[in-house]
Student: 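The structure is given below, and queries will be raised subsequently.
Labels below follow one simple rule: chain letters A, B, ... track the order of the sequence lines, proteins then strands, and each chain is numbered from 1. Worth knowing before you read on, the calculation uses all heavy atoms, side chains too, and leaves out hydrogens, waters and symmetry mates.
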Number of protein chains: 2
Amino acid sequence: MDTTDLKVFETVARTGGMNRAAAELHTVQSNVTARIRALETELGCPLFARHSRGVALTAAGERLLPYARRVAWLLADAVRATRDDGTPRGPLTIGALETTAALRVSPLFAGYATAFPEVDLAVRPGTTEELINAVLNRTLEGAFVCGPVAHQSLIEQVMFQEELTILAALGLPSIEAATQGGIARIVVLRAGCSYRQRREMVLANRGIAVPRVMEFGTLEAIFGCVAAGLGITLLPRALIGPVWRAGRVSLHALPPSEAMVTTVFIHRREAHLSSALRAFLEHVQAGAGYS
Amino acid sequence: MDTTDLKVFETVARTGGMNRAAAELHTVQSNVTARIRALETELGCPLFARHSRGVALTAAGERLLPYARRVAWLLADAVRATRDDGTPRGPLTIGALETTAALRVSPLFAGYATAFPEVDLAVRPGTTEELINAVLNRTLEGAFVCGPVAHQSLIEQVMFQEELTILAALGLPSIEAATQGGIARIVVLRAGCSYRQRREMVLANRGIAVPRVMEFGTLEAIFGCVAAGLGITLLPRALIGPVWRAGRVSLHALPPSEAMVTTVFIHRREAHLSSALRAFLEHVQAGAGYS
DNA sequence: CTCAGCCTATCGTTTTTTCAGATTGCTTTT
DNA sequence: AAAAGCAATCTGAAAAAACGATAGGCTGAG
């Protein structure tokens, strides 16, 4: 029951073939066969059913596979935890909603980077769903997403409170006025936008249909489109404050039940909480007074 | 980061010396040194501080140790889960309070043993505290203990409901009468008796002091002592029913708040639930109608 | 102070395990 | 029928692990 055997096993199970696994593991097929055979002998039951196109997991193999993954994760965590002497260092990749990254996370970076220069900080934007999956996949150590999440294997803590507002062209007295005939043109940052669910709720409450969602990659482009009367958008008030003050667009407040969203930070429950992440969270909470 | 390396590491950490670890692992000391050295090289930090009387864990070693244990447990669980094809077999060691074992568990054994002849069933008696520790130590797969337990890493389910009663010599009209001058002589099965906490509560509520607890290894001896007027005892009603009906002793009921105790079955939350244990629980719950 | 006892580190040798390459046999596809 | 893809097996080479002996350091008893 060696860790390398389990790694080989996992690769064979994932690729569905010993040749493919050998190629991925940079070794030869005979070696893979031998490792699997050793495992099968040790466990006393076949793990794969051999057929002409490769191999398929047996029931016993299916039972072993999750353990193989967990062992690999646990070993990786053990290395990280052992090396982590309490001073934040090394890579720290976290996720954030695009607007959260721009509005909340970016301003905190300078201070964090100065305080902990040995940390290689990276932020990956994405939607709540993407980010949750990335955290579960161990691609990200943690993420700022739209809460509540309530996932069993994730710890979440409320970090920010955002007030969403409708952003429209100047001179429009209300949301309804911006939607001629109950039809709204929506401008968003990305197709699977951060606040998509909330946006659809807001529009559905008013009986407004959405024929088309226009996607622009940058906030500046969105502001330009809204100012030009191309459509409306839904963004955190703090984010669009400067643009509104510049007199380019008009804001339309929403009732609190629709406007308020909480941004939570999620990370895996069972995993090692790295010093870099712990320090980051302390940094965020220390500087989060102005939410 | 091999599993054998982790096992060697754990042994050295536990025994506090490479020689002792080598003896326990049936190998030579140089080998242990080499394994530890390999681990330290791989992790990039020393795991032990060497001194003349042996070795002591460094901070990094302290961080690694729990992971080494978890990996070992996970691997053992992986083997068991992989080999477990759904038909109960192999060893099944569970714990139970002495009275629960006698009263509830024993009657269920015959049927279980007949239905699943491949299971090697064993029951270990003990107090609630001992049994909880044994389950946490992985000495027992599960145990019947006095609930509620409410431990984070244990799953508990209510199995039986017991009514405790005072057992005293014949002709004593009340509990108070059995305790001359507020002093009771108590007869128990074992020093750290199953219902000790409850017993102390019952006596404290009545202002009865306990000068001495007499310990007898068998139920029959307890019945004899109580019948002879040596003291009183607190036992499940169902257990002492036959003796009482034989007219040897007198029963004194307690108010429900004092009398009723729940017996829960506990097992580890994260561990593999073996088919043998699963079948046993189903068997118990199917036959538990007469609680 | 000295020496015995206990401990770890190191080195050379032996044993075991693992790896790599070639071959065989089977099945499916062309 | 030939070709391609796949797993099983065998063999020699390489690597790793285990072993045994020795050296060196520290402690405590005499």
Side-chain angles (χ1 to χ4, degrees), chain A residues 1-62 64-65 68 71-72 75 79 82, chain B residues 1-62 64-65 68 71-72 75 79 82:
Chain A
M1 206 55 162
D2 202 353
T3 57
T4 60
D5 289 358
L6 285 180
K7 187 184 290 285
V8 170
F9 166 76
E10 192 274 336
T11 309
V12 173
R14 181 161 39 78
T15 59
M18 303 220 187
N19 275 300
R20 286 181 282 273
E24 184 171 321
L25 293 166
H26 304 295
T27 181
V28 291
Q29 170 259 327
S30 65
N31 200 357
V32 174
T33 302
R35 298 295 85 227
I36 297 297
R37 178 161 297 271
L39 258 185
E40 290 178 325
T41 305
E42 179 179 352
L43 291 169
C45 52
L47 298 170
F48 293 103
R50 279 76 165 171
H51 53 79
S52 61
R53 313 293 295 163
V55 295
L57 280 171
T58 62
E62 293 277 6
L64 179 59
L65 185 54
V71 168
L75 287 174
V79 173
T82 307
Chain B
M1 203 57 160
D2 201 352
T3 57
T4 60
D5 289 359
L6 286 180
K7 187 184 290 286
V8 170
F9 166 76
E10 193 275 336
T11 309
V12 173
R14 181 161 39 77
T15 60
M18 303 221 188
N19 275 300
R20 286 181 283 273
E24 184 172 320
L25 293 166
H26 305 295
T27 181
V28 293
Q29 170 261 325
S30 65
N31 200 357
V32 174
T33 302
R35 299 294 85 227
I36 297 298
R37 180 163 297 272
L39 258 185
E40 290 178 325
T41 304
E42 179 179 352
L43 292 168
C45 51
L47 298 171
F48 292 103
R50 279 78 164 170
H51 53 80
S52 61
R53 312 296 294 165
V55 296
L57 280 170
T58 62
E62 293 277 6
L64 179 59
L65 185 54
V71 168
L75 287 173
V79 174
T82 306

Student: Any idea which heavy atoms bring B:E24 and B:R14 closest together, and the distance?
Tutor: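 Residues B:E24 and B:R14, closest heavy atoms: OE2-NH2, 2.8 Å.
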
Student: Starting at CG of B:N31 and ending at C1' of C:dT17, how long is that distance when rounded to a whole Å?
Tutor: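 So the two atoms are 14 Å apart, to the nearest Å.
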
Student: Which nucleotide in the list C:dT28, C:dT8, D:dA18 gets nearest to the side chain of B:T27?
Tutor: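 Closest nucleotide to the B:T27 side chain: D:dA18.
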
Student: Provide, to the nearest angstrom, the distance between the CZ atom belonging to A:R37 and the P atom belonging to C:dT17.
Tutor: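 Between P of C:dT17 and CZ of A:R37: 17 Å.
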
Student: How close or far is atom C1' of D:dA8 from atom CZ of A:F48, stated in whole angstroms?
Tutor: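 One finds 15 Å between C1' of D:dA8 and CZ of A:F48, rounded.
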
Student: Of all the choices, D:dC19, C:dA9, D:dC6, which nucleotide is nearest to the side chain of A:R20 once you look at every atom?
Tutor: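 Ranking D:dC19, C:dA9, D:dC6 by closest atom to the A:R20 side chain puts D:dC6 first.
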
Student: Both B:G16 and A:R53 contact DNA chain C. Taking the nearest nucleotide for each, which residue is further toward the 5' end?
Tutor: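 Looking at DNA chain C, the more 5' nearest nucleotide goes with B:G16.
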
Student: From D:dA21, C:dT28, D:dA7, pick the nucleotide closest to the side chain of A:N19?
Tutor: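 For A:N19, the side-chain atoms sit closest to D:dA7.
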
Student: Assign B:V32 to base, sugar-phosphate, or nothing according to its heavy-atom contacts below 4.0 angstrom with the strands shown.
Tutor: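 The answer is nothing, as B:V32 stays clear of every strand by at least 4.0 Å.
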
Student: Does the D:dG20 base have a donor-acceptor partner in the side chain of B:S30 within less than 3.5 Å?
Tutor: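 It does, because a donor-acceptor pair links the side chain of B:S30 to the base of D:dG20 below 3.5 Å.
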
Student: Tell me which nucleotide among C:dT8, D:dA7, C:dT18 gets nearest to the side chain of A:R35.
Tutor: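 Looking only at side-chain atoms, A:R35 lies closest to C:dT18.
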
Student: For B:H51 and C:dC7, what is the distance between atoms NE2 and C1' respectively, to the nearest whole Å?
Tutor: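 The answer, rounded to whole Å, is 10 Å.
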
Student: Which nucleotide in the list C:dC7, D:dC26, D:dA18 gets nearest to the side chain of B:S52?
Tutor: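 Closest nucleotide among those given: D:dC26.
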
Student: Take the protein atom CG of B:D2 and the nucleotide atom P of D:dA16, then report the distance between them rounded to whole Å.
Tutor: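 From B:D2 CG to D:dA16 P: 12 Å.
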
Student: Between CD of B:E62 and CG of B:L47, what distance do you get to the nearest 0.5 Å?
Tutor: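 Answer for the CD-CG pair, B:E62 versus B:L47, is 11.0 Å.
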
Student: Roughly how many Å is it from CE in B:M18 to P in D:dC19, rounded to a whole number?
Tutor: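 Going from B:M18 (CE) to D:dC19 (P), I get 16 Å.
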
Student: State the CE-CZ distance between A:M18 and A:R50, to the nearest 0.5 angstrom.
Tutor: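 Rounded to the nearest 0.5 Å, the CE-CZ separation comes out at 4.0 Å.
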
Student: Starting at atom CZ of B:R50, determine the distance to atom C1' of C:dC6, rounded to an integer number of angstrom.
Tutor: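 Between C1' of C:dC6 and CZ of B:R50: 17 Å.
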
Student: With the side chain of A:V28 defined as its heavy atoms from C-beta on, choose the nearest nucleotide among C:dA20, C:dT10, D:dC19.
Tutor: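 Selected nucleotide (nearest to the side chain): C:dA20.
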
Student: First locate atom CG of B:L57, then atom CZ of B:F48, and finally report the distance between them rounded to the nearest 0.5 Å.
Tutor: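 Separation between the atoms: 5.0 Å.
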
Student: So which nucleotide from D:dT27, D:dA7, C:dT28 ends up closest to the side chain of A:Q29?
Tutor: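 Of the options given, the side chain of A:Q29 lies nearest D:dA7.
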
Student: Run the numbers on A:L39 and A:M1 for side-chain contact (heavy atoms from CB on, under 4.5 Å), then give the verdict.
Tutor: CA-CA 7 Å; A:L39 258 185; A:M1 206 55 162; 3.8 Å; yes

Student: Please give, in whole Å, the distance from D:dA16 P to B:E42 CD?
Tutor: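 Distance check: B:E42 CD to D:dA16 P gives 13 Å.
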
